[in-house]
Undergrad: 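Pasting a structure below so you can have a look.
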Amino acid sequence: MKIVLLGPPGAGKGTLAKKLKEDLGVAHVSTGDILRDEISRETPYGHEAQQYIDKGFLVPDALISEIVEKKFCTDQHELSKGYILDGFPRTVPQAQEFEKILEKSQVGFDFALYMEVELPMIILRITGRRSCPHCGAVYHATRRPSKEEGICDVCGSHLFERNDDNEDTIRHRVNVFMESTLPIVDYYEKRNLLRRVNGNDDPEEIRDKLVNEDKR
Ligand code: AP5
């Protein structure tokens with residue numbers, strides 16, 4: 001399985017990707033996680049990206065494309081066995097750049113999966129999100145809580161709330177999604193490379209749908 005996940009913030013891209021990684025053994029490449037890691041290590045990429053992320057803007061196409069190209073060319077062998085790309089592409093120029101990256105790395109690509117979710121659900125999900133800084137596990141304070149409040153089930157670290165997970169920034173990120181990312185749903189649809197799923201469904205249900213469709 002070599003797929004790109006498309007969807008507004010809070011659609012459940014990260015949650016589904018982690019499930020697919022765990023159950024199918026495919027790699028999970030999240031551009032949001034890569035950028036947050038660059039920020040925490042105070043790298044030049046991180047310094048540049050932070051000002052955009054905290055306000056809910058997209059980081060520049062050139063910066064993120066360079067990061068993804070490096071990843072695909074370095075981890076070519078692992079990614080050729082299967083990957084879930086979560087958070088890229090997010091603009092039409094990034095989708096065009098992704099085609100060049102695929103050509104260069106020869107990693108392959110199956111389709112883009114669009115996870116559809118409405119705004120009230122997005123706000124409910126993101127304001128309750130709790131993330132693990134160590135292993136990347138994602139919880140929801142009330143809907144998918146960790147066993148012990150504030151503690152990661154997987155590695156025991158203290159969970160945190162992301163800086164960009166406040167209601168104002170979320171509304172802005174949703175607007176950015178509508179303006180900049182929705183056009184690539186059309187981009188993949190026109191190329192017959194798009195599948196849609198309901199982001200309100202459980203990640204387990206979506207996984208089963210994908211696996212069963214693949215067998216047909
Ligand atoms: P990124 O980290 O990619 O954020 P995002 O796209 O806004 O998506 P989220 O991580 O907020 O949501 P998600 O869909 O993964 O939902 P999750 O599974 O966590 O990017 C952050 C920033 O980095 C961007 O704003 C931008 O600045 C920059 N960036 C990244 N890539 C870029 C690019 N290519 N170009 C330019 N800039 C880029 O779920 C959310 C919550 O809901 C969780 O609490 C979860 O437990 C719960 N949940 C999930 N699924 C379900 C379900 N089915 N039922 C019930 N609860 C659920």
Side-chain angles (χ1 to χ4, degrees), residues 1-37 49 53 58-117 122 136 138 173-174 176-199 201 203 205-214:
M1 183 179 287
K2 297 171 184 176
I3 64 175
V4 158
L5 297 185
L6 303 177
K13 303 181 294 295
T15 303
L16 177 67
K18 286 179 181 81
K19 184 103 217 93
L20 294 174
K21 177 182 175 181
E22 203 178 290
D23 297 351
L24 310 179
V26 289
H28 174 205
V29 180
S30 156
T31 48
D33 287 350
I34 294 175
L35 290 169
R36 282 183 287 277
D37 178 57
I53 295 184
L58 294 181
V59 307
D61 288 337
L63 184 151
I64 196 71
S65 300
E66 194 177 311
I67 289 178
V68 174
E69 179 172 343
K70 214 182 257 179
K71 179 83 185 159
F72 269 63
C73 292
T74 311
D75 296 349
Q76 206 171 18
H77 181 66
E78 187 201 350
L79 299 182
S80 299
K81 295 183 203 151
Y83 65 84
I84 313 296
L85 180 53
D86 156 15
F88 183 93
R90 250 171 153 110
T91 62
V92 170
Q94 288 183 22
Q96 291 161 341
E97 205 49 47
F98 186 46
E99 287 183 15
K100 292 187 199 150
I101 294 172
L102 288 171
E103 220 172 287
K104 199 166 167 188
S105 63
Q106 291 294 306
V107 159
F109 170 61
D110 296 332
F111 59 89
L113 185 73
Y114 178 31
M115 304 177 72
E116 294 176 278
V117 181
I122 291 172
V138 180
R173 281 158 60 201
V174 171
V176 169
F177 172 81
M178 304 293 248
E179 274 171 31
S180 305
T181 309
L182 257 192
I184 61 175
V185 169
D186 197 39
Y187 178 96
Y188 283 116
E189 191 144 54
K190 280 192 180 128
R191 287 162 177 75
N192 234 347
L193 288 170
L194 188 83
R195 288 197 206 170
R196 292 169 190 266
V197 285
N198 184 346
D201 289 346
E205 222 174 297
I206 301 177
R207 173 207 57 204
D208 291 347
K209 237 180 238 170
L210 291 175
V211 170
N212 292 334
E213 278 173 18
D214 265 0

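Values reported hereafter were calculated over all heavy atoms of this structure, with side chains retained and with hydrogens, waters and symmetry mates removed.
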Undergrad: Listed by chain and number, what are the side-chain contact (heavy atoms from CB on, under 4.5 Å) partners of Q94, not counting sequence neighbours?
TA: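 Counting only residues at least two positions away or on another chain, Q94 forms a side-chain contact (heavy atoms from CB on, under 4.5 Å) with D61, I64, S65, F88, P89, R90, T91.
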Undergrad: Nearest heavy-atom pair of L102 and G108: which atoms, and what distance?
TA: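 Nearest heavy atoms, L102 then G108: CD2-O, 3.6 Å.
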Undergrad: Among residues two or more places apart or on two chains, list those pairs meeting salt bridge (charged side-chain N to carboxylate O under 4.0 Å, His left out) that have a residue in residues 62-73.
TA: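 Sorted pair list: E69-K104, K71-D75.
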Undergrad: First locate atom OG1 of T31, then atom CG of L63, and finally report the distance between them rounded to the nearest 0.5 Å.
TA: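 Between atom OG1 of T31 and atom CG of L63 there are 11.0 Å.
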Undergrad: Could you tell me whether E103 and K100 make a salt bridge, using a distance below 4.0 angstrom between a side-chain N and a carboxylate O?
TA: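 No salt bridge links E103 with K100.
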Undergrad: Please tabulate, one pair per line, all N/O donor-acceptor pairs under 3.5 Å involving side-chain atoms of residues 183-194, not counting sequence neighbours.
TA:
residue : atom : partner : partner atom : Å
D186    : OD2  : K190    : NZ           : 3.1
Y187    : OH   : E99     : OE2          : 2.6
E189    : OE1  : R196    : NH2          : 3.0
E189    : OE2  : R196    : NH2          : 3.4
R191    : NH1  : Y187    : O            : 2.9

Undergrad: Among residues two or more places apart or on two chains, list those pairs meeting ring pair (Phe, Tyr, Trp, His ring centres under 6.0 Å) that have a residue in residues 1-20.
TA: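 Residue pairs passing ring pair (Phe, Tyr, Trp, His ring centres under 6.0 Å), neighbours aside: none found.
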Undergrad: Decide yes or no for H28 and D33: does some side-chain heavy atom of the first lie under 4.5 Å from some side-chain heavy atom of the second?
TA: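 Answer yes - side chains close enough.
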Undergrad: Working to the nearest 0.5 angstrom, can you tell me the gap between L58 CG and T181 OG1?
TA: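 That separation rounds to 5.5 Å.
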Undergrad: Apply salt bridge (charged side-chain N to carboxylate O under 4.0 Å, His left out) to E179 and list each qualifying residue two or more places apart in sequence or on a separate chain.
TA: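 Residues passing salt bridge (charged side-chain N to carboxylate O under 4.0 Å, His left out) with E179: none at all.
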Undergrad: Mind checking the CD1-OG spacing from I84 to S30? Nearest 0.5 Å is all I need.
TA: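 I84 CD1 to S30 OG: 12.0 Å, rounded to 0.5 Å.
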Undergrad: Carefully, step by step, assess E97 and V68 under the rule side-chain contact (heavy atoms from CB on, under 4.5 Å).
TA: CA-CA 10 Å; E97 205 49 47; V68 174; over 6 Å; no
Undergrad: Identify the heavy atoms of F111 and F109 that sit nearest to each other, and give their distance.
TA: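 For F111 versus F109, the nearest heavy atoms are O-CE1, 3.3 Å.
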Undergrad: Rounded to the nearest 0.5 Å, what's the gap from CD on Q76 to CD on Q106? Could you check?
TA: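 Result: 8.0 Å between the selected atoms.
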Undergrad: To the closest 0.5 Å, what do you measure between NZ (K18) and CG (D86)?
TA: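 If I round to the nearest 0.5 Å, the distance is 7.0 Å.
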Undergrad: Tell me, do S105 and L79 make a side-chain contact under 4.5 Å, heavy atoms counted?
TA: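 Of all side-chain heavy-atom pairs linking L79 with S105, none is under 4.5 Å.
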Undergrad: Side chains of residues 1-17: which donor-acceptor partners sit under 3.5 Å, not counting sequence neighbours?
TA:
residue : atom : partner : partner atom : Å
K2      : NZ   : S80     : O            : 2.9
K2      : NZ   : V107    : O            : 3.0
K13     : NZ   : G7      : O            : 3.1
K13     : NZ   : P8      : O            : 3.0

